[in-house]
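First comes the structure, then the notes that go with it.
Each ligand, and each atom within it, is numbered from 1 in the order the structure gives. Numbers here simply count residues along the sequence, with the first being 1.
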Amino acid sequence: MIVTTKELFKAAYGKYAIGAYNINNLEQTMGLFRGCIDSSAPFIIQISKGARSYTDKIMIEGLIRSADQVFPDAIFAVHLDHGDEQTCYDCINSGFYSSVMIDASAEPFEKNVEITKRVVDAAHAKGIVVEAELGKLGGVEEHVSVNEADAKLTDPDQAKKFVELTGCDSLACAIGTSHGAFKFSGTQGLHFDVLSAIQKNLPGFPLVMHGSSSVPQDEVARINAAGGNLKGAKGVDDTQFRRAAELGVTKINIDTDGRLVWTRVHREYFIEHPENFDLRPVGKVFMSEYAKFIADKNAKLGSAGQLEAVRKLVSK
Ligand code: G3H
Ligand code: 13P
Ligand code: ZN
């Protein structure tokens, strides 16, 4: 069942966070749904601009519609990840997405407000909710490139003003994370002081943490042992998810960790089975490993076991 992120956030706020997972293909879609059903968790499917053009945006929608039929118990939101203004309108008008993210965070404050407000007005007219972003994460995003050195944490006073001026439904804040597999140069970590100040200014308002992959060191070691080269990769300590959730983070974005599962499975599989050239045996291993990975993440986010409580809330 497709719901809006707003409904999911109402259930989760202050208690746990909903996992927001990026998908690009059939195997990820199957693994994601299986993992969420196995762990009884509501979830958010994220589709980036890159995912929409990897095959075709219609293909990705078709995969999700089919998964909804194959897993009738699943409750999830369909969300555009890091949209520009035009892609937001495309998704709003498609009638398929329940939530879009407008990412105008690279623009000056006033321009970010202006663009976000236009998208909010168009989305709300169709019952679709909007995530916006204020502050700059480190690392590289699809259409926004920011050096770690230039990363700018979200200003709590600006955050309050931004939400009032735009009417957005949730806010992605920069609190020290970055996208990709190489986070936290030096001794940097999550800035809970900034998060706490944002929550004080926006009590009850859903916050979003991007760049939240934990880049497990055992996964990195296995990839490197199987011929990969990811030296120095590191991520967010996922035991901190619950603390972030208590401070108003209701959506936690994870993409890179799933890519690491894919890379480890495929590298190891073909070393162990050099004679194999059938794509299905390795695909089956990946779907099963991906489902396990998702269930484990949901346990860390606190969303595992919440599916029936959310069902009661959304069917009221
Ligand atoms: O924040 C970006 C997400 O990890 C999506 O990545 O744009 O390469 O699909 P992508
Ligand atoms: P990671 O690169 O840490 O997985 O972050 C993903 C993300 O923020 C997608 O929007
Ligand atoms: Zn992101």
Check Ser48 against ligand 2 and report side chain, backbone, both or neither, counting heavy atoms closer than 4.0 Å.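 Neither; no heavy atom under 4.0 Å.
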For ligand 2, note which part of Ile254 has a heavy atom under 4.0 Å away: side chain, backbone, both or neither.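 Within the 4.0 Å criterion, Ile254 contacts ligand 2 through backbone atoms alone.
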Can you tell me the N, O or S atom of His82 that's nearest the Zn ion (ligand 3)?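 This residue's closest N, O or S atom turns out to be NE2.
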Restricting His210 to its N/O/S atoms, the closest one to the Zn ion (ligand 3) is ND1
For the residue pair Tyr269 and His273, categorise the inter-ring angle as parallel (less than 30°), tilted (30 to 60°) or perpendicular (more than 60°).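 Parallel.
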Measure from the side-chain N and O atoms of Tyr54 to the backbone N and O of Asn24, and report whether any donor-acceptor pair falls under 3.5 Å. no
So that I can tick it off, tell me whether [Y] and [X] are bridged by a salt bridge, with the cut-off set at under 4.0 angstrom between side-chain N and carboxylate O.
X: Lys111; Y: Glu114; value: no
X: Glu61; Y: Lys57; value: no
X: Arg311; Y: Glu308; value: yes

Should you measure from each heavy atom of [X], which atoms of ligand 2 turn up under 4.0 Å away?
X: His210; answer: 8 (O), 10 (O)
X: Gly211; answer: 1 (P), 3 (O), 5 (O), 7 (C), 8 (O)
X: His179; answer: 2 (O), 5 (O), 6 (C), 7 (C), 8 (O), 10 (O)
X: His82; answer: 10 (O)
X: Gln46; answer: 9 (C), 10 (O)

Is the NZ or CZ atom of Arg243 positioned over Phe192's six-membered ring, under 6.0 angstrom from the centre and within 45° of the axis? yes
With a 4.0 Å cut-off on heavy atoms, is Met101 touching ligand 2?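 The answer is no: ligand 2 sits nowhere under 4.0 Å from a heavy atom of Met101.
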Is Lys183 close enough to touch ligand 2? Criterion: a residue heavy atom under 4.0 Å from a ligand atom.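 Yes, that is the case, since the closest heavy atom of the residue is under 4.0 Å from the ligand.
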With Thr5 as reference, evaluate Ser98, Ser99, Ser170 under the side chain to side chain donor-acceptor pair (under 3.5 Å) test and give the passing residue. Ser99
Can you confirm, on distance only, whether ligand 1 has an N/O atom lying under 3.5 Å from any N/O atom belonging to Arg259?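 Yes; the residue has a nitrogen or oxygen that sits under 3.5 Å from a nitrogen or oxygen of the ligand.
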Going by distance only, is there an N or O of Asn24 that falls short of 3.5 Å from an N or O of ligand 1?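 In this structure, Asn24 places no N or O atom under 3.5 Å from an N or O of ligand 1.
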Looking only at protein heavy atoms, what sits closest to atom 2 (O) of ligand 2 is Thr256 OG1, 2.6 Å
Measure the distance from atom 9 (C) of ligand 2 to every protein heavy atom, then report the residue, atom name and distance (to 0.1 Å) of the closest one.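 Residue, atom and distance for the closest contact: Asp81 OD2, 3.2 Å.
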Can you tell me if [X] and [Y] form a side-chain donor-acceptor pair at under 3.5 Å?
X: Asn298; Y: Lys300; result: no
X: Asn22; Y: Gln46; result: yes
X: Ser214; Y: Lys297; result: yes
X: Ser303; Y: Gln306; result: no
X: His179; Y: Asn253; result: no
X: Tyr21; Y: Asp257; result: no

Check [X] against ligand 1 and report side chain, backbone, both or neither, counting heavy atoms closer than 4.0 Å.
X: Asn22; answer: side chain
X: Asp81; answer: side chain
X: His82; answer: side chain

Atoms in ligand 1 flagged as close to Asp255, the criterion being non-hydrogen separation under 4.0 Å: 3 (C), 4 (O), 5 (C), 6 (O)
Which of the ligand 1 atoms, numbered from 1, are nearer than 4.0 Å to a heavy atom of Ser48: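 Taking each heavy atom of Ser48 in turn, ligand 1 has 5 (C), 7 (O), 9 (O), 10 (P) under 4.0 Å.
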Ligand 2 N/O within reach of Asn22 N/O, cut-off under 3.5 Å: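 N/O-N/O distance under 3.5 Å: no.
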